[in-house]
Amino acid sequence: MREITFSQATLEAMAEEMRRDPTVFVLGEDIARQGGIFGQFKGLPNEFGYERVLDTPISETAIVGSAVGAALTGMRPVADMHFADFVTCAMDEIANQAAKIQYMFGGQARLPLVVRAPDGVIKSAAAQHSQSLEAWFVHVPGLKIVIPSTPYDAKGLLKAAIRDDNPVLYFEHKALFAMKGPVPEEEYIVPIGKADVKRPGRDVTCVTYSIMVHRALEGAEDLARDGIEVEVVDLRTLVPMDIDTVLQSVRKTKKVVVAHEACRRGGAGAEIAATIAEEAFDYLDAPVVRVGTLDVPIPFSPPLEARVVPRKKEIVEAVRKIV
Amino acid sequence: MREITFSQATLEAMAEEMRRDPTVFVLGEDIARQGGIFGQFKGLPNEFGYERVLDTPISETAIVGSAVGAALTGMRPVADMHFADFVTCAMDEIANQAAKIQYMFGGQARLPLVVRAPDGVIKSAAAQHSQSLEAWFVHVPGLKIVIPSTPYDAKGLLKAAIRDDNPVLYFEHKALFAMKGPVPEEEYIVPIGKADVKRPGRDVTCVTYSIMVHRALEGAEDLARDGIEVEVVDLRTLVPMDIDTVLQSVRKTKKVVVAHEACRRGGAGAEIAATIAEEAFDYLDAPVVRVGTLDVPIPFSPPLEARVVPRKKEIVEAVRKIV
Amino acid sequence: MPDRDTLVHIYTTMVRIRAFEEKVEELFLAGKIPGFVHLYIGEEAVASGVCAPLDRSDYIVSTHRGHGHCIAKGASPRRMMAEILGKSTGYCKGKGGSMHIADFSVGMLGANGVVGGGFNIAVGAALSAKMRRSGQVAVCFFGDGASNRGTFHEALNMASVFQLPCVFVCEHNQYASTTPAAYSVSVRDVADRAVGYGIPGVTVDGNDVLAVYEAAREAIDRARRGGGPTLLEAKTYRIKGHFVGDPEKYRDRSEVERWKAKCPILRFEDRLRAEGVLADAEMEAIKAAARREILEAVSFAEESPYPDPDDAFSDLYVSDAQGEGCGR
Amino acid sequence: MPDRDTLVHIYTTMVRIRAFEEKVEELFLAGKIPGFVHLYIGEEAVASGVCAPLDRSDYIVSTHRGHGHCIAKGASPRRMMAEILGKSTGYCKGKGGSMHIADFSVGMLGANGVVGGGFNIAVGAALSAKMRRSGQVAVCFFGDGASNRGTFHEALNMASVFQLPCVFVCEHNQYASTTPAAYSVSVRDVADRAVGYGIPGVTVDGNDVLAVYEAAREAIDRARRGGGPTLLEAKTYRIKGHFVGDPEKYRDRSEVERWKAKCPILRFEDRLRAEGVLADAEMEAIKAAARREILEAVSFAEESPYPDPDDAFSDLYVSDAQGEGCGR
Ligand SMILES: Cc1ncc(C[n+]2csc(CCOP(=O)(O)OP(=O)(O)O)c2C)c(N)n1
Ligand SMILES: Cc1ncc(C[n+]2csc(CCOP(=O)(O)OP(=O)(O)O)c2C)c(N)n1
Ligand SMILES: [Mg+2]
Ligand SMILES: [Mg+2]
């Protein structure tokens with residue numbers, strides 16, 4: 001199968017969905033003229049024009065707010081946040097408007113909105129350009145949360161997100177954009193709400209998502225050399241969460257590491273770990289161990305950044321703690 | 001000891017600290033002319049003038065943002081959010097500015113800021129005026145989070161928060177403002193970071209905070225009639241969290257219910273439960289059960305609201321599940 | 001001057017709003033309404049004048065003080081009243097209440113509990129209309145207090161940059177809760193803020209419904225023709241408290257009385273009488289009909305059932321199994 | 001015209017900024033600087049002209065493009081360079097980097113990675129100055145792009161309502177990243193937005209350092225005297241890419257060349273020469289000294305150690321046990 005980058009995969013998803021449905025459009029800063037900071041919108045205006053690929057003022061509030069209004073009135077907007085860190089500027093629009101409107105208005109409205117948010121640590125971008133903030137939204141009823149790890153999933157899930165009639169947050173790790181992987185030429189969809197076992201194993205389950213999937217796979221490789229077989233479960237979507245696949249794995253391995261790049265305290269890993277500990281209590285042979293960024297803002301200088309962000313090593317250590 | 005309301009207790013804390021330190025001031029909407037929606041600022045301008053009790057435009061972003069600037073330059077602002085739901089409008093100022101500035105600037109700055117946020121469900125205020133959002137901030141390194149349940153704690157902790165050199169979020173449940181409780185005439189401080197066992201018990205630990213403390217105490221009362229002794233641990237502050245007190249209780253009872261009014265999914269309860277399950281794994285005789293609001297926006301109509309918000313009954317049921 | 005039908009329609013709308021709001025106040029004071037309610041009494045000319053030139057397919061975006069907007073856009077008082085009472089027959093099946101009323105069938109895209117939360121929703125509706133080439137216009141109602149929110153700025157700039165068919169209507173009723181506009185709004189006329197976005201800014205007497213109508217019609221026509229957004233300010237007054245139950249310590253009774261004398265309905269009646277459009281008896285008949293309609297709405301609402309508690313788990317997601325993922 | 005010392009000081013500041021930025025570009029391209037850097041080349045007149053009338057105790061709030069502001073306010077290039085290289089001797093001990101430089105000892109309250117994140121911090125500093133009756137003024141630098149953020153609106157309104165000693169300085173460099181101001185800013189002159197807040201709005205040629213200086217001095221004086229805020233706009237141009245490495249596909253080389261010819265430093269040199277303030281040799285000496293200073297700063301930075309990895313756990317909270325609660 002041909003290999004394309006994650007960025008390219010999302011670009012194909014956009015183009016295919018825009019071709020399929022004339023109500024799909026995208027708005028954000030520097031997406032039309034520049035093609036997105038990570039090339040993820042490159043060339044779209046050539047096919048779809050500057051009307052459907054809208055450069056906006058620096059107005060995150062208006063970007064998401066107007067996307068909400070457009071979604072309520074027959075369009076299917078994709079709003080780009082530039083960096084996930086700036087969802088803070090659209091927090092009211094996401095949490096108090098988008099997430100609540102369908103419910104609060106008793107089902108009169110539908111709100112087919114996708115918010116794309118490039119997140120994660122890359123190249124010393126420091127405290128305000130490195131965050132992974134998905135956990136905030138796990139706590140907001142009414143949203144769906146998609147957070148893929150491979151070009152294949154990125155494409156299939158973005159298409160599913162655009163077709164979904166509900167507001168979907170789509171987090172894409174900045175360091176993944178350049179990663180290549182197999183993506184079929186034929187059209188496909190990856191359904192929202194299905195986890196994927198990225199590596200089978202019998203000894204320990206590692207529940208993870210986004211870039212940490214790759215660090216978990218690297219760690220699993222190392223550990224396999226010592227005879228420890230790690231099953232890597234890629235959640236792919238956090239809401240709805242495919243807890244069945246997770247529990248099935250846990251009942252087999254009886255040991256769990258939960259890993260993400262977001263800060264450890266109060267991260268999505270807390271919800272995952274608490275759910276496992278609650279629902280698989282009788283199966284667990286060891287405490288569920290959580291791996292996440294240590295609880296400080298992301299520091300700038302490379303040795304500091306390296307100290308706080310978990311990589312393969314931290315996953316391997318967590319696994320060794322419980323086997 | 002005299003009894004005063006929670007609202008009165010916070011008012012005394014404000015007045016005492018403003019008297020003690022001329023750099024303390026408060027800003028927010030309708031706090032000077034109206035005295036706050038819950039009377040929590042009533043009369044302050046009489047003693048301290050309209051310069052230190054500042055009515056602002058409807059500009060949550062500017063309220064918190066300017067409080068950050070004032071805190072960096074020698075003042076000790078207390079910023080009122082009117083309703084905790086509107087922290088969404090100041091999310092960048094809280095999460096990207098206030099929480100990060102001390103760290104990001106390498107300790108050059110100090111940021112003695114208190115954000116007061118009345119939260120929780122009261123009288124069918126519906127989806128945008130009923131939320132408890134503390135969990136978002138548990139996930140933001142650099143903040144402290146205070147969330148008292150009684151007039152005594154409310155006063156002592158608000159004074160501690162105002163004296164703290166770090167940014168502190170102070171969540172106060174709207175339905176608690178009118179509640180009375182004993183508060184000494186003499187000055188006292190309740191330190192940030194210390195939990196309080198509000199009722200001792202040997203059978204089950206209920207870890208909780210804010211209004212749920214009272215629902216847990218009511219539940220414990222009922223359960224005691226059946227010979228089930230619940231130990232109610234009031235966390236009082238979520239960051240830093242007094243996990244020692246929690247674990248001490250858990251090692252004794254071996255069973256835990258974690259309860260809050262915030263939505264269950266991704267709530268602070270997930271962090272608490274995951275931590276307990278990780279750190280007291282060998283002591284637990286049953287899964288940690290979490291109680292929280294069911295995962296929908298808070299609906300308006302009384303029977304709907306009652307259906308989703310946990311009260312005594314839900315705590316009692318959770319306890320019965322594991323004893 | 002608009003034609004007779006339009007005049008009568010506008011007058012009828014105003015008295016229907018007044019009758020609705022007086023009844024809501026009464027029901028609230030009788031303890032029959034949960035939550036908060038914010039009344040539109042005294043401001044009827046704004047919604048009535050602005051919505052009259054709108055088509056049913058046009059959009060409006062409303063505020064916490066939204067009953068008047070709803071009625072003016074054509075929503076049914078029965079389903080409004082049912083919603084306000086928390087009944088299952090309400091527009092939002094009891095999930096929303098007064099602060100979250102919406103009627104998408106008439107283009108009323110919702111009240112909002114967040115002050116200033118509607119600006120960009122209106123911009124989006126206008127953007128959508130423009131992209132779909134539907135010829136629709138979006139009107140955003142907002143208060144003097146709301147004009148201080150950052151959302152105002154981002155919305156007006158974006159609407160101007162994209163030349164959207166959007167009309168921003170400031171209901172300058174002198175107060176934001178307890179805070180006088182003269183204290184918290186840094187310009188006397190909010191319409192002056194239009195200068196910062198290169199769009200027309202117009203201030204009218206918001207108690208003169210025909211002045212409102214004319215200014216709105218012009219702005220709406222311009223928007224529909226592709227001429228871009230307008231900031232239209234109507235100077236008016238909130239006769240009742242900020243919410244029902246407001247102790248109103250922040251203003252003198254005399255000020256309220258002064259404004260009461262400028263009642264937009266009485267004033268319009270004088271005009272209609274003077275122009276010979278409606279005679280007193282006709283006006284009385286319209287008022288009586290409005291009162292009957294509202295009484296009927298109250299009966300409907302009171303007789304309607306409360307929602308089943310488990311309905312709390314529906315409507316979270318579109319086209320999903322009901323209640324999936326709500327943790328019940 | 002300011003006195004000779006001031007003129008020389010302003011000139012020196014401009015060339016020091018230029019020398020600093022040219023070196024940063026070189027180091028970045030050589031792979032020695034982590035993260036992103038945004039250069040101030042071509043815009044030196046703004047920071048230099050605005051900061052000249054400020055006292056050391058006055059405040060400035062900066063942006064992602066903040067090196068020029070730092071130097072103009074009196075920060076040390078050594079510690080700046082060390083910070084930009086991620087060294088422990090940097091202003092923020094390597095925790096901040098280019099986008100988060102701050103020097104509180106000279107009243108430089110920080111760069112900001114969030115565009116428009118500084119407006120209200122400046123308002124707060126001005127509020128604090130007013131409450132403490134300190135006589136200090138707060139200056140907020142921001143870009144044309146930032147003027148579209150809601151934070152701009154809330155800040156200017158609040159500063160006006162409280163009549164704060166605050167000067168908002170728009171560095172209108174024609175672009176926000178790849179987006180031309182002519183496309184995304186709905187007014188030609190950002191200064192026109194002052195009308196919406198009832199404060200003075202002034203536009204000056206931002207490449208004419210004396211024009212900037214005079215306008216800033218007037219605004220700063222007014223602020224200090226209690227006359228409230230000013231919105232001051234300096235029209236200038238970003239000669240380099242948005243960040244080092246920007247492919248710059250969004251503009252013509254010829255446009256850049258046209259603006260290069262209007263270089264604020266060359267222009268000021270002509271003026272200084274014409275007025276007999278500085279001779280060529282003197283200017284050369286100042287430039288040589290600036291280059292030496294920057295070379296020395298680079299040596300200092302390069303020789304400085306990286307922070308110890310465990311320093312990642314300090315500075316989270318003031319006066320706490322180091323690293324408590326960071327989960328390490
Ligand atoms: C973002 C936000 N801040 C504060 C409030 C509380 N609040 C509700 S209505 C109101 C006053 C609104 O004033 P204005 O916009 O003038 O509208 P009016 O009530 O006068 O119609 C306030 C402060 C809110 N609902 N939302
Ligand atoms: C809130 C926010 N949105 C987007 C960005 C990404 N970004 C960084 S700089 C920039 C352009 C800023 O333009 P302007 O304010 O004119 O300043 P200039 O770079 O021209 O100095 C953008 C969009 C950001 N850092 N913060
Ligand atoms: Mg008002
Ligand atoms: Mg610019």
Side-chain angles (χ1 to χ4, degrees), chain A residues 60-61 85-97 99-100 103-104 126-128 131 133 135-142 238-239 241 258 262-282 284 286-290 293-297 299-300, chain B residues 60-61 85-97 99-100 103-104 126-128 131 133 135-142 238-239 241 258 262-282 284 286-290 293-297 299-300:
Chain A
E60 284 75 11
T61 313
D85 307 76
F86 310 141
V87 293
T88 51
C89 305
M91 200 65 185
D92 192 67
E93 287 61 35
I94 296 174
N96 278 338
Q97 313 294 340
K100 294 182 173 47
Y103 183 83
M104 192 160 78
Q128 293 172 336
Q131 294 168 91
L133 298 170
W136 289 351
F137 305 99
V138 170
H139 192 47
V140 179
L238 295 177
V239 179
M241 196 183 287
V258 177
C263 281
R264 192 178 182 283
R265 194 178 62 216
E271 175 62 31
I272 299 163
T275 303
I276 294 170
E278 192 163 346
E279 311 229 332
F281 184 77
D282 293 330
L284 287 176
V288 179
V289 178
R290 285 182 290 153
T293 288
L294 300 181
D295 294 303
V296 290
F300 166 70
Chain B
E60 284 74 13
T61 313
D85 307 75
F86 311 141
V87 294
T88 51
C89 305
M91 200 65 184
D92 193 66
E93 287 60 36
I94 295 174
N96 278 337
Q97 312 295 341
K100 294 181 173 48
Y103 183 83
M104 194 161 75
Q128 293 173 337
Q131 295 168 90
L133 298 171
W136 289 350
F137 305 98
V138 170
H139 192 48
V140 180
L238 295 178
V239 179
M241 195 184 286
V258 178
C263 281
R264 190 177 183 281
R265 194 179 63 217
E271 175 62 31
I272 300 164
T275 303
I276 294 171
E278 191 163 348
E279 311 228 333
F281 184 77
D282 293 331
L284 287 177
V288 179
V289 178
R290 286 182 289 154
T293 288
L294 300 182
D295 294 303
V296 291
F300 166 70

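In what follows, chains are A, B, ... by sequence order, proteins preceding strands, each numbered from 1.
- Proximity to chain B involves both the backbone and the side chain of A:V289, based on heavy atoms less than 4.5 angstrom apart.
- Heavy-atom distances place no part of B:A268 under 4.5 Å from chain A, backbone and side chain included.
- Only the side chain of A:Q131 has a heavy atom closer than 4.5 Å to any heavy atom of chain B.
- Taking 4.5 Å as the limit, some side-chain heavy atom of A:R290 sits within range of a side-chain heavy atom of B:T275.
- Contact between B:W136 and A:A95 at its shortest, heavy atoms only, is CH2-CB, 3.8 Å.
- Taking each heavy atom of A:A127 and B:K100 in turn, the nearest pair found is O-CE, 3.2 Å.
- Both the backbone and the side chain of B:L284 come within less than 4.5 Å of a heavy atom of chain A.
- Under a 3.5 Å cut-off, the side chain of B:R265 and the backbone N or O of A:E271 do not form any donor-acceptor pair.
- Atoms OG1 and CD, from B:T88 and A:E93 in turn, are 7.5 Å apart once rounded to the nearest 0.5 Å.
- Between chain A and the residues B:G142, B:A273, B:G269, B:G267, the most heavy-atom pairs under 4.5 angstrom are made by B:G267.
- Checked against ring-ring contact (aromatic ring centres under 6.0 Å, His included), B:Y103 has no partners two or more places apart in sequence or in another chain.
- Atoms CD and CD, from A:Q128 and B:Q97 in turn, are 5.0 Å apart once rounded to the nearest 0.5 Å.
- For the set B:A280, B:A277, B:C263, the count of heavy-atom pairs under 4.5 angstrom toward chain A peaks at B:C263.
- In terms of modelled atom types and a separation under 3.5 Å, the side chain of A:N96 and the main chain of B:D85 share a donor-acceptor contact.
- The candidate with the highest count of non-hydrogen atom pairs below 4.5 Å against chain B, out of A:D282, A:I272, A:V239, A:L133, is A:V239.
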